[in-house]
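Input: a single structure, listed below in structure tokens.
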Amino acid sequence: MTATQIPTSPIAGQKAGTSGLRRKTRDFMAPHFLENYVQSILTAIGGAQGKRLVLGGDGRFFNDRAIQIILRMAAANGATEVIVGQNGILSTPAASHMIRMQKADGGFILSASHNPGGEDEDFGLKFNMANGGPATEALTDKILAQTQSITSYGMIDAPDVDLSVCGPATVGDMTVTVVESVTDYAALMETLFDFDAIAGLFAGGFTMRFDAMHAVTGPYAHALLEDRLGAPKGTVINGTPLPDFGGGHPDPNPIWAHELMGIMTGDNPPDFGAASDGDGDRNMIVGRGAYVTPSDSLALIAAHAHRAPGYGQGLAGVARSMPTSAAVDRVAAAKGIDCYETPTGWKFFGSLLDAGKVSLCGEESAGTGSGHVREKDGLWAVLMWLNIIAATGKSVSELMADHWATYGRNYYSRHDYEAVETDKANGLMDALRGKLAGLPGQTIAGLTVTMADEFAYDDPVDGSHTSGQGIRIGFEGDARVVFRLSGTGTQGATLRVYLELLELDPAKMDLPAEEALAAVISAADQIAGIKERTGRETPDVKT
Ligand code: VG1
Ligand code: CO
């Protein structure tokens, strides 16, 4: 079996977004599309010769075939070994852990995360580096340059590898090691959390529903929650991964996880509810009738992480993405630890984690994680909450009420306007940019603007500079609105409007978020002209 070079030419639009390259599945399946991108990655990392790589995905449509193609290309490019999850399955955090544990040179993760899956839906691919974390901007720039100049890719003629059988196999001269997808990840979780205490919680009658949304976390949740921690069968719902996620968006928020929300707000709800996304890196936390915003979840974890054995020494520091609420900043200030504000996307946390400056990171989009891997980690967050509940003996709503009484409540909501025409969305952002200088001092919807800028970031560890990361407008009274265009969509533009207000008055901590934020919502619309420019009366999704 000899490697051949297949001639090709650049395909436009292979630019990675917030988290790898996401496109319609049919685009990925088109001739040379996947191959061009994979070769561009292999070339950009300096070639695959002699390297060991990890490979796995969230099981969506085309996952299985894409894996066989990548294996043949890795072999043609001279890789010595590719470690693959059984049946091609690895959650994003499990893949990150596998790269680190195996001391691999990097890995491919096949996922479009929360985007729907299927032949007519979305597919995605991202490359993680030797530290287990998403490719930095410096690397994604190099990959993009390769996609724009590629003339051929390496391919070997070899049969498919049977990925249902764990153990060694070969593709050409390359070793393929098929590994069980859950075991190593579950073992890592056991080193971080007090499994005996959590098992005790379930033994004492504590009830929970975990909605795997027919995505990758099903097998992980069955193994950890039901088999290892003794939660009754049926605790995990929608636990069988399907190539189209059962037709839903595997996005853990109250809109898409409506089945779980129905259970948690219905008759006789369980004590605790949680969900995870397509590739297992995000989470939703909900108590009896009490949805926890991801920003609050991050802050709560920051306040209580020391109760989990893996974090008993306290946190080195925390980091949050810019649009995430300042709730965690308040905890960090009280604890006297550093709090970093980064652009959206987990790739910006890697250098801070590698340097030991932070040990907890989070995003308002329901990604939370720590230094145990270099990705956000959905089940990790769920286990952390269970550990905190077991250690304190308090319910989700009691924990949140105590938290707000101590630190104040950062009311928070995100309004998404999806599939807006790209021109209109860009027009809105351009007009906002033009207004920024004149905004401070103006009073809009009763709120006085204190600052207005476009967020840029200088990485304090590697010195890299990233600009154009969202427009933020601050108001007196610790209120804020942020405007950003999504970098993960595959259709038109998604405008994200992030709304926040700090409330310190204990008498006003129980309002519905949309009510508490009414003035900020109104100011946001007046400043950006959302209705007028997009033609939309209301957001598609509020989370
Ligand atoms: C979204 C979220 C962002 C997250 C990214 C990838 O990006 O807002 O916080 O890091 O998805 O997460 P955007 O550009 O659409 O706002 V995942 O779970 O899709 O890998
Ligand atoms: Co995800």
Side-chain angles (χ1 to χ4, degrees), residues 15-22 56-60 90-96 109-117 122-128 133-135 137 140 212-213 215-217 220 245 249-253 256-257 275-284 293-295 297-298 319-325 341-350 361-369 373-381 412 414-420 425 429 455 466 468-470 482-498 540-541 543:
K15 185 180 188 332
T18 313
S19 179
L21 180 65
R22 288 188 198 180
D58 64 11
R60 68 179 60 223
L90 280 177
S91 76
T92 288
S96 180
I109 302 176
L110 282 62
S111 173
S113 189
H114 58 279
N115 298 35
D122 295 348
F123 193 79
L125 173 60
K126 64 175 182 163
F127 184 78
N128 280 28
E137 298 247 290
T140 57
M213 304 188 84
V216 79
T217 48
Y220 295 85
F245 308 122
H249 287 226
D251 199 349
N253 62 44
W256 290 111
S276 192
D277 71 333
D279 59 332
D281 57 359
R282 296 208 258 148
N283 70 90
M284 180 175 86
T293 71
S295 294
S297 174
L298 176 65
R320 64 163 171 86
S321 67
M322 183 276 282
T324 305
S325 95
E341 186 177 36
T342 59
T344 295
W346 211 261
K347 60 188 166 209
F348 296 102
F349 293 134
C361 309
E363 296 192 276
E364 52 64 41
S365 55
T368 330
V373 289
R374 289 294 178 277
E375 283 281 2
K376 49 196 187 284
D377 189 343
L379 268 164
W380 174 91
Y412 193 85
R414 187 178 94 188
H415 291 186
D416 289 340
Y417 298 82
E418 293 176 346
V420 175
M429 293 299 285
F455 182 58
T466 312
Q469 294 299 311
V482 172
F483 299 89
R484 234 191 108 243
L485 297 184
S486 157
T488 56
T490 58
Q491 225 177 350
T494 293
L495 170 67
R496 302 204 196 282
V497 183
Y498 308 82
D540 297 284
V541 180
T543 51

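All values reported here derive from a predicted model rather than from experimental measurement. Worth knowing before you read on, the calculation uses all heavy atoms, side chains too, and leaves out hydrogens, waters and symmetry mates. Counting convention: from 1, in listed order, for ligands and their atoms alike.
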- prompt: Any ion pair linking Glu341 and Arg320 (charged N to carboxylate O, less than 4.0 Å)?
  reply: yes
message: Any carboxylate oxygen within less than 4.0 angstrom of a Lys/Arg side-chain nitrogen, looking at Arg496 and Glu364?
response: no
message: At a threshold of 2.8 Å, where the distance has to be below it, does the Co ion (ligand 2) have an N, O or S atom of Ser113 nearby?
response: yes
Could you tell me the residue and atom name of the protein heavy atom closest to [atom], and the distance to it rounded to 0.1 Å?
atom: atom 9 (O) of ligand 1; result: Ser365 OG, 2.6 Å
atom: atom 17 (V) of ligand 1; result: Ser113 OG, 2.8 Å
atom: atom 12 (O) of ligand 1; result: Lys376 NZ, 3.0 Å
atom: atom 11 (O) of ligand 1; result: Thr488 CG2, 3.6 Å

Close N or O approach ([X], ligand 1; < 3.5 Å):
X: Ser486; result: yes
X: Thr18; result: yes
X: Trp346; result: no

field: ligand 1 contacted by Arg484 (non-hydrogen, < 4.0 Å)
entry: yes
- prompt: Considering Glu364, Arg414, Glu363, which one's heavy-atom position lies nearest to atom 10 (O) of ligand 1?
  reply: Glu363
message: For the residue pair Ser486 / Thr488, report whether a side-chain donor-acceptor contact shorter than 3.5 Å exists.
response: yes
query: Between Asp416 and Thr494, is any side-chain donor less than 3.5 angstrom from a side-chain acceptor?
result: no
Can you tell if the side chain of [X] reaches within under 4.5 Å of the side chain of [Y], non-hydrogen atoms only?
X: Met213; Y: Ser276; value: no
X: Glu363; Y: Phe349; value: yes
X: His114; Y: His249; value: no
X: Pro116; Y: Phe245; value: no

Can you tell me if [X] uses its side chain to pair, donor with acceptor, with the backbone of [Y] under 3.5 Å?
X: Arg60; Y: Asn115; result: yes
X: Thr217; Y: Tyr220; result: no
X: Ser295; Y: Ser325; result: yes

Using only N, O or S atoms, tell me which atom of [X] is closest to the Co ion (ligand 2).
X: Asp277; result: OD2
X: Asp279; result: OD1
X: Asp281; result: OD1

Which of the numbered atoms in ligand 1 are under 4.0 angstrom from any heavy atom belonging to [X]?
X: Arg496; answer: 8 (O), 13 (P), 15 (O), 16 (O)
X: Asp277; answer: 18 (O)
X: His114; answer: 11 (O), 19 (O)
X: Gly345; answer: 10 (O)
X: Ser19; answer: 6 (C), 20 (O)
X: Gly487; answer: 13 (P), 14 (O), 15 (O)
X: Arg22; answer: 17 (V), 19 (O), 20 (O)

- request: For a side chain to side chain donor-acceptor pair (under 3.5 Å) with Thr92, tell me which candidate from Asp377, Asp279, Asn128, Asp58 qualifies.
  value: Asp279
